[in-house]
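Data first, discussion second: the structure below is written as C-alpha cells.
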There are 2 protein chains.
Amino acid sequence: MTFDPKDCGTCPIRHRAVCARCEADELETLDSIKFYRSFEAGQPVIWSGDTMDFVASVVTGVASLSQAMEDGRTQMVGLLLPSDFLGRPGREFAAYDVVAVSNLTLCCFRRKPFENIMLQTPHIGQRLLEMTLDELDAAREWMLILGRKTAREKIASLLTILARREASLALQTAENGTSFELPLTREAMADYLGLTLETVSRQMSAFKREGIVLLEGKRKVIIPDFDALMAETGDDADGGMVS
Amino acid sequence: MTFDPKDCGTCPIRHRAVCARCEADELETLDSIKFYRSFEAGQPVIWSGDTMDFVASVVTGVASLSQAMEDGRTQMVGLLLPSDFLGRPGREFAAYDVVAVSNLTLCCFRRKPFENIMLQTPHIGQRLLEMTLDELDAAREWMLILGRKTAREKIASLLTILARREASLALQTAENGTSFELPLTREAMADYLGLTLETVSRQMSAFKREGIVLLEGKRKVIIPDFDALMAETGDDADGGMVS
DNA sequence: GTTGCGCTTTGACCCAGATCAAAATGCGTG
DNA sequence: CACGCATTTTGATCTGGGTCAAAGCGCAAC
C-alpha cells in the first residue's frame with residue numbers, strides 16, 4: 001500500500017520524518033499522542049540532564065544540539081532543520097542542550113506511548129534507523145571538518161552543507177547562482193565549526209571581498225558560483241556525497 | 001522467550017551485537033549467509049567507494065573508519081572494537097576507508113540476504129537502531145573533543161574512552177589502578193584526535209613525566225589514579241556518561 | 001653481534017587562529 | 001530622531017600546536 005501525503009495533515013513526523021510508509025490506523029494512533037510546541041529564536045528547548053518525556057519532529061525553524069564544558073566552552077553537535085527528529089526513544093534524560101536557533105515549531109509525541117507504538121510498528125523503527133544512519137554520516141563529515149580543515153575550509157564547508165540541506169527542503173538553486181537563508185549568527189557558526197566568532201567574521205569577510213559569496217540583508221546568502229565555493233572546502237569534486 | 005548465549009556459538013553478531021533477542025530459526029538463517037574474514041594489523045579492509053557486498057561484526061581486534069581529503073589529510077571517524085558493527089544495510093558502496101588497526105577478525109554477512117532477514121526480523125533492526133544511536137552519541141562526544149579541547153585534554157579523553165570501552169569488554173580495572181591495551185600507534189591516535197603525531201608524543205611524555213599514566217612495554221597503559229586522568233579531560237566529574 | 005626499518009621522542013622555529021580591545025553597524029523602542 | 005543594546009567587523013598581539021629536522025629505540029632478519 002503506497003503512502004499518500006494527502007492523508008497526512010501537516011505533521012512532518014507522519015509524511016516525511018518517521019512514518020513514510022505507515023498505514024491509516026497507525027497515523028490515528030500517533031495523532032492521539034501528539035501536540036505542538038513553539039519557541040522563539042534564542043529560547044532554550046531543554047537542558048542537558050533535564051527529564052525529557054517527549055520526542056519530536058521539527059516542523060518549521062532550526063534547532064541546535066550542543067555540549068558544554070563546565071568552563072563555558074561549547075560545541076554544537078547537531079543542527080536540526082524541518083523534518084529532523086529530536087530525542088531518543090528509551091532515553092529519559094536529555095543528553096544535550098537544545099536551543100531554538102530561529103523561531104521553531106516542534107511536533108511532539110509523548111515518549112512512552114511513542115515507544116509502545118514503535119514496538120508494534122516496524123516501519124517507524126526502520127525509518128528512524130535510516131534517519132539515524134544519515135545523521136551518523138553527517139556527524140562523521142562534521143568530524144573531518146572539525147579535526148582537519150582550516151578556518152577557510154570550515155566556512156566553505158558549512159555554507160555548502162546549509163545550501164544543500166535547504167535546497168532539499170525546497171529553497172533554491174536559481175538560474176543565476178544558489179541562494180539560501182543563513183539562520184545562524186556568527187557565534188552559532190563558530191560553535192558549529194569549533195572556531196571563534198572573530199575568525200568566522202574574518203573568513204566571511206574574505207569570501208565577500210573575493211566575490212565567492214554575496215550577502216543580501218543579514219540573512220540571505222547568494223553564491224554566484226557554487227563550484228567555486230566547493231573548491232574551497234578541500235573536499236573532492238563530488239562534495240563527499242554518500243551513496 | 002529469553003535469549004541464551006549458549007545457543008549462539010562465538011559470533012558476536014548473534015549474542016552481542018545485532019540479535020540479542022532473536023530466536024532459533026533466525027539464528028539458523030543468519031548462519032547460512034555468514035562467513036569469517038581475518039586481517040593483519042595495518043591491512044586495509046575496504047576503501048571508500050569500493051562496492052561493499054557484506055556487513056559485518058567485529059569478533060576480535062580493532063578497526064578504524066577514516067575519511068581522507070585529497071591532499072592526504074585524514075581524520076578517523078570511527079573506531080570499532082569487538083561486537084561493533086561495520087557497514088550500512090542498503091548501502092552499496094563503502095563510505096569510509098576501513099583499516100585493521102590490530103589483527104582483526106570479522107564475522108561477515110552477505111548484504112542482500114542480511115537486508116531481507118532484517119525486513120522479516122524486527123529485533124535485528126531494533127538492535128541496530130540502538131547500536132547506531134550509541135554510535136551517534138559517541139560521535140557527538142568526539143565532536144566536542146575535536147572542536148574545543150586542548151591537545152592535553154584530547155589525549156586524556158582518548159585514554160579514558162579506551163579504558164572504559166575495553167573495561168566493558170572485560171579487561172581490567174584492577175585494585176591498584178586501571179590498565180588496558182593501547183591498540184593505537186601515535187599516528188592513529190593523532191588521526192583520532194585531529195592532532196599531529198609529534199603533539200601526541202609530547203603530551204604522552206608529559207603525562208608519563210607527571211605520573212598520570214605509566215607505560216608497560218609499548219602496548220600496556222596503566223593509570224594509577226583514574227580520577228586524576230579524568231580531571232584532565234575538561235569534562236565534568238561523571239565523565240559525560242549518557243543515560 | 002650488526003644492519004635495517006618502523007616507530008617514537010625531542011628540539012627549534014613558525015604561523016593560523018585565539019585573545020583582547022575598540023569601533024562600526026543594525027534595529028527595535030520611546 | 002536619538003538612544004540603547006546586540007551583533008558584527010576590524011585591528012594588534014600572543015600562543016598552542018604545526019612543521020621541519022634529527023636523534024633514539026626496539027626488534028626482526030641475517
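Below, read A as the first sequence line, B as the second, and so on, with proteins coming before strands; counting in each chain starts at 1. Atoms considered below: every heavy atom in the structure, side chains included; atoms not considered: hydrogens, waters and symmetry mates.
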When the distance from [atom1] of [X] to [atom2] of [N] is rounded to whole Å, what number comes out?
| X | N | atom1 | atom2 | value |
| --- | --- | --- | --- | --- |
| A:Arg73 | C:dG17 | CZ | P | 18 Å |
| A:Arg148 | D:dG17 | CZ | C1' | 12 Å |
| A:Arg152 | C:dC15 | CZ | C1' | 17 Å |
| A:Leu195 | D:dT9 | CG | P | 14 Å |
| B:Glu187 | C:dT9 | CD | C1' | 15 Å |
| B:Leu197 | C:dG6 | CG | P | 15 Å |

Polar pair under 3.5 Å, donor/acceptor by atom type, side chain B:Arg202, base D:dT19: yes
Base C:dC20 to side chain A:Glu198, donor-acceptor N/O within 3.5 Å cut-off: yes
Scan [X] against the nucleic acid and name what it touches under 4.0 Å (heavy atoms): base, sugar-phosphate only, or nothing.
| X | answer |
| --- | --- |
| A:Gly42 | nothing |
| B:Thr185 | sugar-phosphate |
| A:Lys208 | sugar-phosphate |

Between [X] and [Y], is there a side-chain N and carboxylate O pair less than 4.0 Å apart?
| X | Y | result |
| --- | --- | --- |
| B:Arg73 | B:Asp191 | no |
| A:Arg88 | B:Glu130 | yes |
| A:Glu232 | A:Lys154 | no |
| A:Glu216 | A:Lys220 | yes |

Side-chain heavy-atom pair A:Ile223, A:Ile212 within 4.5 angstrom cut-off: no
Output the single nucleotide from [options] whose closest atom is nearest the side chain of [X].
| X | options | result |
| --- | --- | --- |
| B:Ala151 | D:dG17, D:dT8, C:dT8 | D:dG17 |
| A:Thr196 | C:dT9, C:dT8, C:dA18 | C:dA18 |
| A:Thr199 | C:dT10, D:dT9, C:dG17 | C:dG17 |

Check whether any side-chain nitrogen or oxygen of B:Lys218 sits under 4.0 Å from OP1 or OP2 of D:dC27, and answer yes or no. no
OP1 or OP2 of C:dT10 under 4.0 Å from side-chain N/O of B:Ser205: yes
For DNA chain D, whose closest nucleotide is more 5', that of A:Met204 or that of B:Gln203? A:Met204
